[in-house]
2 protein chains.
Amino acid sequence: MAEDRRTRRSRRALGAALIELVLERGFTALTVEDITERADVARATFYAHFRDKEDLFARVTADLLAGLSERLAPAVADSAVGFTGKPVLEMLRHAREERDLYRIVLRGEGDGKPLQMFADACARATAEEFRARAERNAVEPRIDPELLARVWVGEQLGVLRWWVEQETPSLPAEEVVRMLLDLAMRGRYWASGFEPSA
Amino acid sequence: MAEDRRTRRSRRALGAALIELVLERGFTALTVEDITERADVARATFYAHFRDKEDLFARVTADLLAGLSERLAPAVADSAVGFTGKPVLEMLRHAREERDLYRIVLRGEGDGKPLQMFADACARATAEEFRARAERNAVEPRIDPELLARVWVGEQLGVLRWWVEQETPSLPAEEVVRMLLDLAMRGRYWASGFEPSA
DNA sequence: GCTGTTTACATACAGAGTGTTCAATAACTT
DNA sequence: AAGTTATTGAACACTCTGTATGTAAACAGC
């Protein structure tokens with residue numbers, strides 16, 4: 001008794017319909033009936049599975065996050081310190097496969113709650129990592145770890161959003177990671193070949 | 001016949017009520033009646049001024065943006081090249097004064113449209129600036145200007161969001177700007193006192 | 001102050017969407 | 001094949017929306 005096939009069919013159809021429609025019209029503009037109609041499912045069936053449309057959206061994004069962390073686990077274990085590298089590359093690949101959903105989430109659809117929660121979680125973890133490094137090396141960091149974490153996360157999300165919004169990516173994932181690493185190590189002014197101005 | 005005092009009173013009360021309530025319950029959870037009740041205004045009056053709640057929100061944020069660019073104009077003129085400096089400092093000060101609204105916008109409330117539009121506008125302008133610099137110095141940039149722009153904007157917004165969300169800022173605006181400048185010039189690894197890892 | 005104009009108000013209304021319930025039917029599992 | 005479980009369409013009360021009123025109040029200019 002793994003799971004009834006009808007249940008799976010309905011759930012998947014509704015999830016897929018939601019993604020399609022959010023891309024077309026935006027989350028708030030949608031009605032439950034819009035979704036069930038696209039999914040070719042009765043409205044009553046929707047409520048048999050989900051409380052409301054935000055519930056459906058929450059589950060879809062939760063699944064995405066689960067898929068991401070599953071893929072990230074080995075990469076993170078590899079690169080020990082410093083996230084910019086294998087983990088980021090793996091995330092870009094994941095984003096390429098699930099581009100539609102990434103677009104939706106990164107646009108902040110659905111009140112932006114999933115996005116903000118993800119960003120905050122990343123920032124907290126990153127800040128902790130930075131603090132741990134400072135501790136380990138017995139250095140007083142000149143840059144506040146909290147701020148550094150926000151810089152890092154903001155940078156990643158900004159680039160990721162840009163990358164998934166392009167029709168056909170102007171840069172392959174590997175190039176993006178290379179540039180980000182370069183930037184992190186040498187700074188922005190150096191990277192673009194100029195001296196600071198003001 | 002500058003403007004009827006009643007009109008101003010109603011508009012302001014509704015705008016203020018919206019800001020309060022969005023912070024308390026989030027934009028989508030609000031009804032027009034919630035807003036008019038808080039503003040102590042009849043519901044019919046709301047519709048005399050605004051089409052719906054997104055219209056009200058759009059005007060409130062448009063005013064904020066207008067205020068920002070007004071304050072930014074002289075600072076941008078000063079620092080000629082390179083935004084990270086006076087303009088950013090001025091923005092932080094503006095954010096401190098209008099913290100509630102900044103929180104709302106940066107959380108992506110109201111479908112995140114104002115935020116995304118602002119971010120995209122910044123990114124386009126920044127990318128153009130980077131390209132112009134490369135042109136001017138006749139250098140082939142090792143980092144894609146488009147990506148660099150997204151990095152920059154993502155970084156600014158990430159830090160800004162963190163900064164306005166704190167109850168009492170852990171760092172004064174001047175410190176934040178100093179660190180951002182430092183980061184931009186020397187890179188992240190150097191800044192935190194460590195060598196790159198992977 | 002008076003006067004004509006403009007705004008605010010309370011109320012009512014139709015329409016859309018929500019979330020729930022129910023009995024009949026269809027699809028599934030074992 | 002039998003028993004279980006999901007889907008369906010219909011009906012329901014409810015909330016919110018956006019519009020349209022006539023009336024009362026507040027306003028600007030003289």
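Model, not experiment: these values are computed from the prediction.
Rounded to an integer number of Å, the gap from Leu30(B) CG to dT17(D) P is 10 Å. The distance between atom CG of Asp52(B) and atom P of dG17(C), rounded to the nearest whole Å, is 15 Å. Spacing between atom CD1 of Ile35(A) and atom P of dG17(C) amounts to 12 Å, rounded to whole angstrom units. As a whole-Å value, the separation of His49(B) NE2 from dT19(D) P is 15 Å. For Glu54(B) and dG18(D), the CD to P distance is 7 Å, given to the nearest whole Å. Rounding to whole angstrom units, CZ of residue Arg25(A) and P of dG17(C) are separated by 10 Å. For Arg9(B) and dA28(D), the CZ to C1' distance is 17 Å, given to the nearest whole Å. Note: CZ (Phe50(B)) to P (dT17(D)) measures 15 Å, nearest angstrom.
Take Arg6(B) and apply the salt bridge (charged side-chain N to carboxylate O under 4.0 Å, His left out) test, not counting sequence neighbours, and it matches Asp4(B). With sequence neighbours left out, the side chain to side chain donor-acceptor pair (under 3.5 Å) criterion links Glu97(A) to Arg71(A).
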**Message:** Run the side chain to side chain contact (heavy atoms under 4.5 Å, CB included) test on Asp100(A) and Val164(A) for me, step by step, so that the C-alpha distance in whole Å, both residues' side-chain angles and the decisive distance to 0.1 Å come before the verdict.
**Reply:** CA-CA 8 Å; Asp100(A) 287 350; Val164(A) 300; over 6 Å; no
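By the 4.5 Å heavy-atom criterion applied to side chains, Val151(B) and Leu180(A) are counted as neighbours. At least one side-chain heavy atom of Asp34(B) sits less than 4.5 Å from a side-chain heavy atom of Arg25(B).
At a cut-off of 3.5 angstrom, counting only N and O atoms as typed in the model, there is no donor on one side facing an acceptor on the other between the side-chain of Arg43(A) and the base of dG9(D).
Heavy atoms from other residues, nucleotides or ligands lying under 6.0 Å from CD of Glu20(A) number more than 12.
Regarding contacts with the backbone of dG18(D), a side-chain N or O of Tyr47(B) is found under 4.0 angstrom from either OP1 or OP2. The side chain of Ser10(B) contributes an N or O atom lying less than 4.0 Å from OP1 or OP2 of dA8(C).
Along DNA chain D, the nucleotide closest to Asp40(A) and the one closest to Thr31(B) are compared, and the more 5′ of them pairs with Asp40(A). Mapping Ala42(A) and Phe46(B) onto DNA chain D by nearest heavy atom places Ala42(A) closer to the 5' end of the strand.
Classification of Arg9(B) and Asp40(B) as a salt-bridged pair fails, no side-chain N sitting under 4.0 Å from a carboxylate O.
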Nucleotide N/O of nucleotides 25-27 of chain C paired with protein N/O under 3.5 Å:
| residue | atom | partner | partner atom | Å |
| --- | --- | --- | --- | --- |
| dA27(C) | N3 | Arg6(A) | NH1 | 2.9 |

